[in-house]
Undergrad: 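If you scroll down you'll find the structure; I have some questions about it.
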Amino acid sequence: MQASWRSLFMNDLNEAVCTKCKAEFESITGNACLYCGALEDGVCRDCLYWEQTEYAGLITKGQCLYRYNAAMQTYFHQYKFLQDVILSEVFAKEVQHALAKVEAVIVPIPMNPKKLKERTFAQVDAMLESARLPYKHLLTKNEDVQGKKTKTERMASAPLFQWNGEAVPKKVILVDDLYTTGTTMRHAAKVLKSAGAEEIELFCLIRG
Ligand SMILES: O=P(O)(O)OC[C@H]1O[C@@H](O)[C@H](O)[C@@H]1O
């Protein structure tokens, strides 16, 4: 392994679930969309759309680790909505493996403060902490909730984020739990680009 400051944080993480349960999750392997990791060759239809809008050229590349199959939907519901924070450990090894050698600064997609109070923990931060990865918050989120909208409504959302005013590194990797239409990532990337980021990658645990 190439030595990097981030590798100092890498320790052997124990598996949090048994092999049989882990096998229920479907990894994204092989040819995937350059920008979002969808199982399509080249660039997927949604990303082609984004590349024809004001959000074109913001994302240099992206990766999602798993498909949103039945096992993942059950996991995600239990983790995020039933607030089972210990489940942040389930994919710690895989998240660490995917991000530990990335040279960009990890920027989590934040939660709206009111939402965070209700949910009691930020699921993306918890996932990164379980993976023992350092991160830096650069964005604040408004009260808009993506999960309750149709695809068309999501993609037409008013700006979802503001820059928090902290210094923005040249290279960032935006991290979220679930990528569905790509609206969240595009909005976040646009704000960071205007605030000074030069290269923006994205990473999500799940591609919906
Ligand atoms: O913006 P898109 O990609 O449609 O939806 C993904 C977002 O919707 C939320 O539930 C997820 O946690 C993620 O932040």
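When a ligand or atom number is given, it counts from 1 through the structure's own listing order. Please read these numbers as outputs of a predicted model, since none were measured by experiment.
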Undergrad: Of the options Asp176, Thr184, Leu178, which is the one that meets Thr180 in a side chain to side chain contact (heavy atoms under 4.5 Å, CB included)?
TA: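 The single option meeting the side chain to side chain contact (heavy atoms under 4.5 Å, CB included) with Thr180 is Leu178.
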Undergrad: At a non-hydrogen distance cut-off of under 4.0 Å, which region of Asp176 contacts ligand 1 (side chain, backbone, both, or neither)?
TA: side chain
Undergrad: Check the side chains of Gln162 and Thr140 for a donor-acceptor pair under 3.5 angstrom, ignoring hydrogens and angles.
TA: yes
Undergrad: Does either side chain, that of Ser88 or that of Glu129, offer a donor lying less than 3.5 Å from an acceptor on the other one?
TA: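 No, no side-chain donor-acceptor contact under 3.5 Å.
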Undergrad: Under the criterion side chain to side chain donor-acceptor pair (under 3.5 Å), which of Arg186, Lys190, His187 is the partner of Tyr55?
TA: His187
Undergrad: Looking at Asp177, which atoms of ligand 1 are within less than 4.0 Å of one of its heavy atoms?
TA: 11 (C), 12 (O), 13 (C)
Undergrad: Looking only at protein heavy atoms, which one is nearest to atom 7 (C) of ligand 1, and how far off is it?
TA: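 The closest one turns out to be Thr184 OG1, 3.4 Å.
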Undergrad: Give the atoms of ligand 1, by number and element, whose distance to some non-hydrogen atom of Arg154 is under 4.0 Å.
TA: 2 (P), 4 (O), 5 (O), 6 (C), 8 (O)
Undergrad: Using a strict 4.0 Å cut-off to heavy atoms of Gln146, name the atoms of ligand 1 that fall inside it.
TA: 1 (O), 8 (O)
Undergrad: When you measure from atom 6 (C) of ligand 1 to every protein heavy atom, which one gives the shortest distance, and what is it?
TA: Leu178 O, 3.2 Å
Undergrad: For the aromatic rings, using the six-membered ring if either is Trp, is the centroid distance between Phe121 and Tyr79 under 6.0 Å?
TA: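 Aromatic pair counts; centres sit under 6.0 Å.
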Undergrad: So do the side chains of His137 and Pro108 get within less than 4.5 Å of each other, counting heavy atoms only?
TA: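 In short, these two side chains touch, coming nearer than 4.5 Å.
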Undergrad: Would you mind checking which non-hydrogen protein atom is closest to atom 9 (C) of ligand 1, with the distance to 0.1 Å?
TA: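 Here the nearest protein heavy atom works out to Lys80 NZ, 3.8 Å.
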Undergrad: Between Thr181 and ligand 1, find which residue part has any heavy-atom pair under 4.0 Å and reply side chain, backbone, both or neither.
TA: both
